[in-house]
Protein chains: 2
Amino acid sequence: MGPVEVLTPALEDYLETVFLLVERHKFARVRDIAVERGVKPGSVSPAMKRLADLGLVKYVQREYVDLTETGRVAARRVLARHTVLFRFFRDLLKLPEELSESEACAMEHSLSSATMDRMVSLFEFLDACPQSPDSLLARFHQCPIANADCEDCKPGCEHEGAGVEATNPLSELAAGERGIVVRIGSHGAIRQRLLNMGMLPGTELTVERYAPGGDPVWIRLGTSQVALRRHEADALHVKALAPEIA
Amino acid sequence: MGPVEVLTPALEDYLETVFLLVERHKFARVRDIAVERGVKPGSVSPAMKRLADLGLVKYVQREYVDLTETGRVAARRVLARHTVLFRFFRDLLKLPEELSESEACAMEHSLSSATMDRMVSLFEFLDACPQSPDSLLARFHQCPIANADCEDCKPGCEHEGAGVEATNPLSELAAGERGIVVRIGSHGAIRQRLLNMGMLPGTELTVERYAPGGDPVWIRLGTSQVALRRHEADALHVKALAPEIA
DNA sequence: TTCAATTGTAAGATGTGTCTAACATGGAGG
DNA sequence: CCTCCATGTTAGACACATCTTACAATTGAA
Ligand SMILES: [Mn+2]
Ligand SMILES: [Mn+2]
Ligand SMILES: [Mn+2]
Ligand SMILES: [Mn+2]
């Protein structure tokens with residue numbers, strides 16, 4: 001097909017950069033755009049030419065770049081998406097500023113209107129809901145289950161003994177038994193590894209067999225099999241399920 | 001630089017597809033991969049060749065494609081990211097299944113380990129926290145503030161009169177006054193438009209001036225200016241701020 | 001066994017986004 | 001007036017991801 005599409009991610013980023021530069025100074029120069037985007041000036045010229053062809057910027061070669069009205073609208077949309085994601089990462093998930101920035105800027109290009117809408121609704125709800133008065137997020141941010149540092153005693157969260165009722169470490173399941181992942185009681189590398197293998201809360205698994213001594217234990221996830229070390233299997237909190245009715 | 005990089009998004013998607021096909025049948029064929037990815041077979045061959053060069057798949061031309069052990073690990077990682085995002089969109093934000101799928105598959109490629117980790121923590125917290133026993137999400141999903149349908153009466157949420165104390169529609173601000181966006185009391189197209197202009201909760205703005213009759217009202221956001229129609233300005237709930245100390 | 005349909009590969013083209021290196025332009029200083 | 005330097009532009013190269021179209025291999029019916 002022809003170029004029926006919207007802007008490419010790269011062009012959206014250029015547009016965003018131009019918008020911010022025009023806000024800061026009164027115009028944007030090729031040099032500054034290049035610096036801002038971490039790219040060589042030779043890459044910027046043709047990009048500006050394409051944006052100009054699309055009617056989004058006014059590009060006077062060798063002089064300056066400015067946004068058209070259409071361009072300003074498009075840029076604001078990109079920036080709004082960027083901002084929603086950034087706040088979600090930084091303020092809700094409490095990720096570092098830098099990471100939040102870069103990840104927002106990578107994802108903004110595929111964020112649909114509907115999704116942005118719902119994310120904003122979530123913010124509005126968390127702000128407004130009187131039944132979790134300013135505390136829900138605080139509780140999340142202090143919850144020992146959800147935070148690596150301070151393994152035990154954060155005030156304001158009493159999970160221990162509450163949701164943990166039916167939960168065992170995976171290694172308490174016998175060979176052949178099934179379970180559903182409830183949470184990963186571990187942080188850092190072990191957690192990473194478990195998550196990357198697909199051990200997400202809600203995932204169903206079957207214990208295939210234990211090696212003698214119980215150290216490697218083989219787990220079936222769907223049709224494929226993975227091997228867990230003992231300390232990984234201990235970190236994995238599961239709820240036992242009735243045996244499979246195959 | 002050389003190819004120090006990780007997999008490109010397209011290759012990750014191919015890998016994911018191969019993984020799923022191998023799970024379903026016992027192997028993957030070029031044809032099926034092409035169908036699954038919505039791409040022509042002629043595009044698949046070279047991609048498989050590249051994955052084979054990277055040691056991620058075993059590719060016997062004209063016969064079948066299978067994953068190597070390294071490939072399986074990489075594929076599971078992609079899939080785990082996909083799944084976390086998918087559940088966030090579908091189960092937490094309550095977006096339609098289809099949208100959740102496609103958006104997850106677009107974003108998975110730039111989801112960092114740290115971010116996935118924190119998203120899973122959020123799930124774990126919401127599941128486990130005894131102080132919001134299974135009800136926080138339910139409250140979000142029923143909250144009239146956060147939902148278009150049923151504008152008024154959802155039981156279990158009493159926002160009216162609670163967080164709304166210091167909030168006015170934007171159109172009650174006089175020219176020159178400043179405010180901070182608290183929420184957008186509107187749904188559908190109007191909301192979309194306001195969000196796309198950058199009117200997110202927390203955004204600071206200044207009322208520049210009203211047209212005679214008050215219909216278009218000009219708002220300053222940072223250094224740039226936008227015009228709002230009356231019904232848009234009415235939908236925008238703001239908290240008045242002290243006048244700017246410029 | 002023979003041959004048509006199915007499946008896959010090769011080669012060439014297009015578009016995007018980047019780089020580098022060579023070249024152009026326009027002051028500011030001499 | 002001339003020359004240098006900062007800034008920009010061009011052109012050529014490369015990598016990726018896709019498409020088409022032409023050709024090859026396999027398979028399963030007739
Ligand atoms: Mn971006
Ligand atoms: Mn951005
Ligand atoms: Mn994907
Ligand atoms: Mn995916």
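All chains are named by letter (A, B, ...) in the order of the sequence lines, taking the proteins before the strands, and each is independently numbered beginning at 1.
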From [atom1] of [X] over to [atom2] of [N], roughly how many Å is that when rounded to an integer?
X: B/I33; N: D/dT18; atom1: CD1; atom2: C1'; value: 16 Å
X: A/D53; N: C/dT16; atom1: CG; atom2: P; value: 11 Å
X: A/K49; N: C/dG15; atom1: NZ; atom2: C1'; value: 16 Å
X: A/E63; N: D/dG8; atom1: CD; atom2: P; value: 10 Å
X: A/Y64; N: C/dT25; atom1: OH; atom2: C1'; value: 18 Å
X: B/M48; N: D/dT18; atom1: CE; atom2: C1'; value: 14 Å

Is B/R87 reaching over with its side chain to a backbone N or O of B/F123, donor-acceptor style, under 3.5 angstrom?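 No, B/R87 side chain to B/F123 backbone: no donor-acceptor pair under 3.5 Å.
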
| query | Would you say the side-chain atoms of A/E208 pair up with the backbone N or O of A/Q225, donor to acceptor, closer than 3.5 Å? | reply |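 No.
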
Respond yes when some side-chain nitrogen or oxygen of B/Y14 is under 4.0 Å from OP1 or OP2 of D/dT18, and no when none is.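 Indeed, a polar side-chain atom of B/Y14 lies that close.
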
The side chain of [X] lies closest to which of these nucleotides: [options]?
X: B/R29; options: C/dT7, D/dT18, C/dA10; value: C/dT7
X: B/R31; options: D/dT18, C/dT9, C/dG8; value: C/dG8
X: B/R62; options: D/dA24, D/dG8, C/dT18; value: D/dA24
X: B/R37; options: D/dG8, D/dC16, D/dT18; value: D/dT18
X: B/S45; options: D/dT9, C/dT9, D/dC16; value: C/dT9

* Side chains of B/R193 and B/S186, donor plus acceptor under 3.5 Å ->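 Absent: no donor and acceptor within the cut-off.
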
Polar pairs (N or O, both sides) under 3.5 Å between protein and nucleotides 19-22 of chain D?
unit_1: D/dC19; atom_1: OP2; unit_2: B/K40; atom_2: N; d: 3.2
unit_1: D/dC19; atom_1: OP2; unit_2: B/S43; atom_2: OG; d: 2.4

(request) Sort and list the pairs that fulfil side chain to side chain donor-acceptor pair (under 3.5 Å) and have at least one residue in residues 32-44 of chain A, not counting sequence neighbours. (result)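 Listed by first then second residue: A/R24-A/E36, A/R29-A/D32.
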
Checklist entry - Considering the options A/E16, A/E23, A/E108, which one meets the side chain to side chain contact (heavy atoms under 4.5 Å, CB included) requirement together with A/L79? => result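 The side chain to side chain contact (heavy atoms under 4.5 Å, CB included) with A/L79 is passed solely by A/E16 among A/E16, A/E23, A/E108.
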
*Among A/E101, A/E12, A/H109, whose side chain to side chain donor-acceptor pair (under 3.5 Å) with A/H82 holds?*
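Going through A/E101, A/E12, A/H109 one by one, the side chain to side chain donor-acceptor pair (under 3.5 Å) with A/H82 is satisfied by A/E101 alone.
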
